[in-house]
Trainee: 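Quick one: structure below, then a few questions.
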Amino acid sequence: MKLVTFNPLRTIGIPNISYIKPLNMYKDIEKIKEADMLLFPEYWQVNSLVYGLKKKIFPSINSYHLGHNKIEMTRVLKTVCPGQIPYTEILSNTDENRRYIMETFPLPFVAKEIKNSMGQGVFLIQNEKEFQNYAEKVDVLYIQEYIPNDRDLRICVIGNEVVTAYWRVEETGGFHHNVAQGGKVSYDNISDETLRLVLDVSQKLGINHAGFDVIFDNEKPYILEFNILFGNQGVPKHKVSLEQKIVEYITRSAEIL
């Protein structure tokens, strides 16, 4: 297979792969046309590559479109697994909707910016002033019930399998669990049932490369979001190679086709 990557850091060690800088897409268009698979294009490239050139990409077009922002992913999760997401309101940022949030959501609640990751742009709102400060900075109000917890579960899916899963534990009493913000990693007591839940959701949606974040309330799992370009700080490199899993998956996919 002729492989082209637009993100060499995520494809280190994959054999027989060529790197094209995303900004050189049109300059190197013939090399792109000759490739059997294009790996990790930037979002702005995706429509041109898939719909214009009819190329196969990894991660899938579903992964890109549904994972583009929290609005898209929350709406589709509410469609396929409504009992597995926290109560969430997504509203235009108007004075009326601001009043509605303050009148209906018990404090504290969670407010999010729709395009951030690694714990950035996620706020625990404890009073009306904090909510108004958040609302002044965003175009859309993304408000979610707060589920108190000292940890969440990151479940990484590549292709049609869970390749690793780990707890991200906040040991200092803070709000964020992300490893990028100081969360500790644990691999203990991860239920197969939760892994199956996430894998089932990913398969229904056609998402073949993502890190799903799951939180628990009285042992009930809730999917918070997923990130197709997930961090690998918690991935046990001595046990699993993400790059090898990618190779195995795209090789199987090519054989099926």
Side-chain angles (χ1 to χ4, degrees), residues 4-11 20-23 25-26 32 37-82 84-86 88-93 110-123 134-135 137-144 152 154-160 176 178 180-181 198-215 222-232 242 246 249-250 253:
V4 164
T5 180
F6 295 101
N7 188 330
L9 294 180
R10 290 187 175 272
T11 52
I20 293 177
K21 190 174 182 179
L23 291 177
M25 183 175 80
Y26 297 104
I32 291 172
M37 180 80 71
L38 308 172
L39 281 66
F40 295 103
E42 294 186 358
Y43 188 80
W44 65 266
Q45 299 176 273
V46 167
N47 287 346
S48 297
L49 297 174
V50 174
Y51 304 123
L53 297 183
K54 306 296 188 290
K55 303 303 295 184
K56 299 179 178 65
I57 65 169
F58 180 89
S60 65
I61 190 73
N62 309 51
S63 302
Y64 276 97
H65 285 169
L66 299 178
H68 185 52
N69 63 50
K70 291 178 174 62
I71 292 175
E72 301 296 339
M73 69 179 69
T74 299
R75 285 175 174 163
V76 76
L77 289 172
K78 287 178 71 173
T79 302
V80 301
C81 56
Q84 255 67 55
I85 68 166
T88 305
E89 291 279 7
I90 300 170
L91 301 168
S92 58
N93 190 353
V110 176
K112 298 181 181 181
E113 297 174 355
I114 65 171
K115 285 190 178 181
N116 268 317
S117 60
M118 296 188 295
Q120 301 294 325
V122 180
F123 311 98
Y134 156 80
K137 301 175 184 177
V138 298
D139 297 322
V140 177
L141 303 175
Y142 182 108
I143 310 299
Q144 198 166 67
D152 66 9
R154 164 60 60 86
I155 301 175
C156 300
V157 173
I158 294 178
N160 52 11
H176 296 93
N178 303 70
Q181 295 204 33
V198 166
L199 186 60
D200 179 63
V201 169
S202 70
Q203 297 298 290
K204 285 180 178 177
L205 298 178
I207 296 170
N208 60 9
H209 187 276
F212 287 78
D213 297 338
V214 180
I215 200 167
Y222 290 90
I223 299 175
L224 296 177
E225 60 186 43
F226 55 86
N227 189 338
I228 72 165
L229 298 180
F230 55 88
N232 60 7
L242 300 185
I246 291 171
Y249 172 69
I250 63 178
S253 299

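Treat the numbers as computed from the prediction; the structure is a model and nothing was measured.
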Trainee: CZ/R10 to CZ/F58 distance, rounded to the nearest 0.5 angstrom?
Mentor: 10.5 Å
Trainee: Quick one: closest heavy-atom pair of G211 and R154, and the distance?
Mentor: CA-CD, 3.6 Å
Trainee: Sequence neighbours excluded, which residues qualify as side chain to side chain donor-acceptor pair (under 3.5 Å) partners of S92?
Mentor: N97
Trainee: Could I get the full list of salt bridge (Lys or Arg N to Asp or Glu O under 4.0 Å) partners for K204, not counting sequence neighbours?
Mentor: D200
Trainee: Indicate the atoms forming the closest heavy-atom contact of E42 with P22, along with that distance.
Mentor: OE2-CG, 3.6 Å
Trainee: Treating S60 as the side-chain partner and G206 as the backbone partner, does any N or O pair qualify as donor plus acceptor under 3.5 Å?
Mentor: yes
Trainee: Which atom names give the shortest non-hydrogen contact between T88 and K78, and what distance separates them?
Mentor: O-NZ, 4.1 Å
Trainee: For G159 and Q203, work out which heavy atoms get closest and say how close.
Mentor: O-NE2, 3.3 Å
Trainee: When rounded to the nearest 0.5 angstrom, what distance separates OH in Y142 from OH in Y134?
Mentor: 9.5 Å
Trainee: Taking all atoms of both residues into account, what is the closest heavy-atom pair of F230 and H209, and its distance?
Mentor: CE2-CE1, 3.4 Å
Trainee: Which atom pair, heavy atoms only, marks the closest approach of S63 to I228?
Mentor: O-CG2, 3.3 Å
Trainee: Please report the interatomic distance OG(S253) to CG(N160), rounded to the nearest 0.5 Å.
Mentor: 7.5 Å
Trainee: Side chains of F40 and L229: closer than 4.5 Å at any heavy-atom pair?
Mentor: yes
Trainee: With under 30° as parallel and over 60° as perpendicular, where do the rings of Y26 and W44 fit, or are they tilted in between?
Mentor: tilted
Trainee: Please name the residue in the list N69, V214, T74, D213 that meets the side-chain contact (heavy atoms from CB on, under 4.5 Å) test with E225.
Mentor: D213
Trainee: Taking V138's backbone N and O only, do any of them form a donor-acceptor pair with N93's side chain (distance below 3.5 Å, no angle check)?
Mentor: yes
Trainee: Is the shortest heavy-atom distance from the side chain of Q144 to the side chain of K112 under 4.5 Å?
Mentor: yes
Trainee: Check the angle between the aromatic planes of F212 and F226 and answer parallel, tilted or perpendicular using the 30° and 60° thresholds.
Mentor: tilted
Trainee: To the closest 0.5 Å, what do you measure between CD1 (I32) and CD1 (I20)?
Mentor: 4.5 Å
Trainee: Take V50 and I57 through the side-chain contact (heavy atoms from CB on, under 4.5 Å) test and state the conclusion after the steps.
Mentor: CA-CA 7 Å; V50 174; I57 65 169; 3.6 Å; yes
Trainee: Answer whether the closest heavy-atom distance between the side chains of P59 and I207 falls below 4.5 Å.
Mentor: no
Trainee: Does any non-hydrogen side-chain atom of H68 lie less than 4.5 Å from one of K115?
Mentor: yes
